[in-house]
Protein chains: 2
Amino acid sequence: MPVHTVKESYVDVLVIGAGPSGLMCAHALVRAGENVRIIDQRRVHLHFMAGHADGIQPRTIESYALADRLLREGSQMHMATFYHPSANGGIERTGRTADVPAPTARFPFKVTLNQGAIEAIFIDSMAAMGLEVERPVVPASIQLATDESVLKNPHSYATTVVLRNLAAEPDQADTEMVHAKYVVGADGAHSWIRKSFNINMDGAQTDFIWGVIDITPTTDFPDIRNRTAIHSHNGSCMIIPREGDVVRLYVQVDPSDVLDPMTDRVDKARVSPEKLLQTAKKTFWPYKIHAEKFDWWTIYIIGQRVAAQFAVHERVFIAGDACHTHSPKAGQGMNASMSDTHNLAWKLAYVLRGWADLSLLETYEFERRKYAQELIEFDKQFSALFSGKPRTQNNQDGVSHEQFLDAFNAYGGFTSGIGVQYGASPITNAQHQHLASNLVIGERMLPHVFIRAADAHPFNIQDMLPADTRFKLLVFAGDTGDPCARSRLQKLADELEMADSFYVRFGGRDPTQVFDLITVSSATKERADYTDVPPMCRTHWSKVLLDDTDMFGRAGGRGYDTYGIDSVKGAIVVVRPDGYVGVVASIDNIADLDAYFGGFM
Amino acid sequence: MPVHTVKESYVDVLVIGAGPSGLMCAHALVRAGENVRIIDQRRVHLHFMAGHADGIQPRTIESYALADRLLREGSQMHMATFYHPSANGGIERTGRTADVPAPTARFPFKVTLNQGAIEAIFIDSMAAMGLEVERPVVPASIQLATDESVLKNPHSYATTVVLRNLAAEPDQADTEMVHAKYVVGADGAHSWIRKSFNINMDGAQTDFIWGVIDITPTTDFPDIRNRTAIHSHNGSCMIIPREGDVVRLYVQVDPSDVLDPMTDRVDKARVSPEKLLQTAKKTFWPYKIHAEKFDWWTIYIIGQRVAAQFAVHERVFIAGDACHTHSPKAGQGMNASMSDTHNLAWKLAYVLRGWADLSLLETYEFERRKYAQELIEFDKQFSALFSGKPRTQNNQDGVSHEQFLDAFNAYGGFTSGIGVQYGASPITNAQHQHLASNLVIGERMLPHVFIRAADAHPFNIQDMLPADTRFKLLVFAGDTGDPCARSRLQKLADELEMADSFYVRFGGRDPTQVFDLITVSSATKERADYTDVPPMCRTHWSKVLLDDTDMFGRAGGRGYDTYGIDSVKGAIVVVRPDGYVGVVASIDNIADLDAYFGGFM
């Protein structure tokens, strides 16, 4: 018999759970060059995973590092359609509208794709960078240091996690003791990490019960490829078109049909996909819908809960379903989960590199918990409207089409992810909001097309703001053909080069590793030269943009106006590594930026 | 000693040469499911091949099956800039304009990428379909049948090619006798196939000599990332920006400096990249340009020649540089070469499948040789302008900026590839041009954004017209919400289903394998249903389009107007498998389509 010695190891970040939230975290960290491991209890990854979450909202597409492949593989929802009871007892269409009522969305649609395929995009990209998900591996115990000096040292291995390899050979050690500086629990609604630290889920379960079936339908229903909300005399139904010809139906279920009267819990034996389709058929009448088989099905009670805390001593974090549960019908779950770790990853990188203090990590709970609470509030109102009875002649208290449509539009910023706004904190400072009146500080940077001065190549500015852990300094310098604007820009360049400027102090030997400085001129492409800009403000020929249209006037132009920036005064817009506007400052006063970066770096 | 028996084999199409033209051919054929082999004399493929052809014009991007990757990897040229002699003896900018003066171009720019990377896109895609380039393999002999009955039978193996494997092991047979139905010689300017059949190159050599250097420059020249034509007192120069920071310079060379007076041929020993850069420096003055090293360099005399024939008995074809040589500066070479086989491949597939008669292959030479002749004509005028002396005070006969710019714009349709028009033939019939007055029959289908009726997803119609060997039948049916338009569409559907219609006669058991029928309605997205269209005219929910904008009005709309199609009368537009408009017909008279398809199928 071999002697089993417990393997012991060290890692900077241990991510537990390889769903969308955990993968987004590990992917961002490995891309940033950080030392990270990720484990998952599932034995294999299913590239096609029927069912589960499937809707990607516009903001997630914007921020998602791998949008190309997502757009290639997914289905797009552009139109939302509404049906209400008709006079003959059936249903009739009451209206069509944009599925994403958020006019500034760069991608004005939602993408649907099965969760396995979404995960595969991260997994393949991580593999190319040398990081694999370790599976099937589960955590068996976790210990957090209690010594203040250990907890306060951002570089200490403050946690110890014992991992168990479920696939270990009989003669192989199946446990490993991992010393991690930081642990991220992205381990789902039944989070083991959350339970280990006795973190409460605040909120309650609703009375609304829904069934879900994924089918390839035969139907004469004309809106089967739109996101459609049907309110009928016979219950409600939501259609979500999926990749290929697959369609997901959310079907409202009468609690008395599925609850076990003894336990008051859902009894899956009382329902079947065939029964759910039968219910849907009644809802669709007079339209017909058939399906030969079911790719997947489930039934759930809507719970609306938020974890009481998202972090323990800024060393252990929970993210995704581990910290918020809500109804899936507005397509928020996976998006909120990925956005959690999109918010967290760069902050971890900053602390690990010694660029920022542990306190930066406090902004994770501050920003994401507030968002989760707003999400639950929205969900309460939206699911009540959706699950409620429709207004009819006999039920004047029901939900009217107009009410539903109003809510649908009012929540557009929210359901699209576009309207998320982070409150004031060391990394979000709205003091000089007036200098860029249409760029809401704390919201994501507005997409807009600018052209490169050197070659008139049009770019959406979001493509120049990747989540590469750098702060982007967008210098809106006015007309760089004008000597006055040029001398202001030269003065800025001189100040940035001073030893006590934030650029030199926090940028170290190569500031371009920390800051990406992009100059945006209001000069026209016919006469602007990228060489007009001081070398300091163009570290490469590609770093000077013009607020002008492309050569055929098809895109771009009026960017200063769109952002509410004065074309003479200009402004410096600082975009955080996660794409949110952090601070806006005057070109003539870099002291504000010294103070901003000095606040957390 | 082993006995060497000559291996004998059979193949439908043998492609000789794996440059862009041969690869385009083999790729198209293997994607169409045809039996094809491709050989090349080079031992390995260089993914990065410095120098060589590098400019992809807008039409090639449109028709290129793999544009996604091309756009990801290449550099884009949007702006063209012109410099002329200045009063102080140096140069000054005289203007900037769109690099692609072709307003209907879908991609209003050229893409530059080294030839190895362009080839790799085809090679990787072919490999995924199981086809590899055989290398290093050269043809040793070729024989074409002389028996008329063999030549006239499209399924006979009318050619015999002996191949020699240059890398054969000593104990391995190094020759193979291949019986091929068709042979495509895409074997370059010194084409072995062309010489084997004694095909003449008509045309002549010019007196213009140019040197080429690929460098990563250090410079204060503000237009180094634009396609720039410099005419100076000290000679001419053309800048072509490339991927990354690389720039290609074409430098005019004085014949007396490089010609060997004994032979009157270019003597490469008399020139060097350093000398070419020295010449360029004089042209750039007062701007400075430096380079540490040269990625590649060459020198050439412009030759302008077209092969006297492009095909031998419609069994052996030549394509690409094998049939036309001209100056590289307008970026035409590789594009013309790929377009040759883009034109040929689907025709070969039709004949191999027994869908069309051998005579269809006659349209290859008819269409492509005429184009090559036009290309040489254009090249003569353009290179004379470019290589000529600039107009100055002392030289009033020189080329003025205005002359050059006029020519640049006048030839825009040509240099972009957008303006290529094929003449009347069995596959190009302009009889009913007036039914779609802005879609020029014989030109490529105009790009335009339509939305899908079923889900309001916007698409550029070109993306629905891939080179998948199918003829596309675009039925512009008017307002499908209108009963009158619907009954006309129903009548069309009924006629198409008749046993003697072209659709049934040539479509066989599954017409969707030969024809892709797409209905374009002028109804609006708020009320149009894809189910309004008769099932015959929507073989799938995705096959009904609307002439309307997307949900935010960002793209689409006014497609009938753009195409010059009456929104009441409508029209059927037939797009050939290579993307060119073949014929336009009335919805009420499918006899015209019966006649069109009967002419070659």
Side-chain angles (χ1 to χ4, degrees), chain A residues 68-69 71-72 75-81 93 95-106 108-109 217 219-228 241 244-245 287 451-459 524-532 535 540-542 544 550-555, chain B residues 68-69 71-72 75-81 93 95-106 108-109 217 219-228 241 244-245 287 451-459 524-532 535 540-542 544 550-555:
Chain A
D68 276 6
R69 183 165 159 193
L71 293 174
R72 252 192 334 270
S75 175
Q76 298 181 9
M77 290 197 300
H78 289 260
M79 193 145 68
T81 311
R93 185 165 60 220
R96 280 173 170 166
T97 188
D99 183 53
V100 172
T104 72
R106 176 173 174 196
F109 50 83
T219 182
D220 60 353
F221 186 71
D223 285 292
I224 197 69
R225 296 303 305 176
N226 290 319
R227 202 238 299 225
T228 302
D245 293 341
Y287 297 99
I451 65 169
R452 262 196 319 220
D455 62 1
H457 187 317
F459 279 94
T524 63
K525 57 185 172 290
E526 283 76 18
R527 55 182 189 79
D529 290 332
Y530 77 97
T531 47
D532 290 343
H540 188 254
W541 58 261
S542 61
V544 182
D550 66 31
M551 298 307 295
F552 286 87
R554 294 184 188 173
Chain B
D68 277 7
R69 184 165 158 193
L71 293 174
R72 253 195 329 273
S75 172
Q76 298 180 9
M77 290 197 298
H78 290 259
M79 193 145 66
T81 310
R93 185 163 63 219
R96 280 174 170 166
T97 187
D99 183 53
V100 173
T104 72
R106 177 174 174 196
F109 50 83
T219 182
D220 59 354
F221 186 70
D223 284 292
I224 196 69
R225 296 304 304 177
N226 290 319
R227 197 222 321 207
T228 302
D245 293 341
Y287 296 99
I451 65 169
R452 262 195 323 220
D455 62 0
H457 187 315
F459 279 95
T524 61
K525 59 185 173 289
E526 283 75 20
R527 56 182 189 79
D529 290 332
Y530 77 97
T531 48
D532 290 343
H540 187 256
W541 57 261
S542 60
V544 183
D550 67 29
M551 299 308 295
F552 285 87
R554 294 184 189 174

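Each chain gets a letter, A, B and so on, in the order its sequence line appears, and its residues count up from 1.
- Heavy atoms closer than 4.5 Å to chain A are found nowhere in B:S542, neither backbone nor side chain.
- Ring orientation note: the planes of B:H78 and A:H457 are tilted relative to one another, at an angle of 30° to 60°.
- Proximity to chain A (any heavy atom under 4.5 Å) is shown, for B:A555, by neither the backbone nor the side chain.
- For a residue to count as touching a neighbouring chain, one of its non-hydrogen atoms must lie under 4.5 Å from one of that chain's; by this rule A:N226 touches chain B with backbone and side chain alike.
- Considering B:I224, B:D245, B:T219 as possible partners of A:W541, the one that fulfils the side-chain contact (heavy atoms from CB on, under 4.5 Å) test is B:D245.
- In this structure, chain B has a heavy atom under 4.5 Å from the side chain of A:F552, while its backbone stays farther away.
- Contact of A:R96 with chain B is made through the side chain alone, with heavy-atom distances under 4.5 Å.
- Between A:D220 and B:T531, the closest heavy-atom pair is O-CG2, 4.1 Å.
- Interface remark: A:R452 contributes no atoms to any contact with chain B (heavy atom separation under 4.5 Å).
- For a residue to count as touching a neighbouring chain, one of its non-hydrogen atoms must lie under 4.5 Å from one of that chain's; by this rule A:A80 does not touch chain B.
- Of all non-hydrogen atoms in A:Y530 and B:F221, the two that sit nearest each other are OH-O, 4.2 Å.
- Closest of all the heavy-atom pairs between A:R93 and B:D529 is NH1-OD1, 2.9 Å.
- With a threshold of 4.5 angstrom between heavy atoms, A:D68 approaches chain B through side-chain atoms but not through N, CA, C or O.
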Trace of the side-chain contact (heavy atoms from CB on, under 4.5 Å) decision for B:I451 with A:M79: CA-CA 11 Å; B:I451 65 169; A:M79 193 145 68; over 6 Å; no
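- By number of non-hydrogen pairs under 4.5 angstrom with chain B, the leading residue of A:A453, A:A102, A:S75, A:G95 is A:A102.
- Using a 4.5 Å cut-off between heavy atoms, B:R554 contacts chain A through its side chain alone, with no backbone atom that close.
- The contact between B:E526 and chain A is made entirely by backbone atoms, counting heavy-atom distances below 4.5 Å.
- Neither the backbone nor the side chain of A:T81 comes within contact range of chain B, judged by heavy atoms closer than 4.5 Å.
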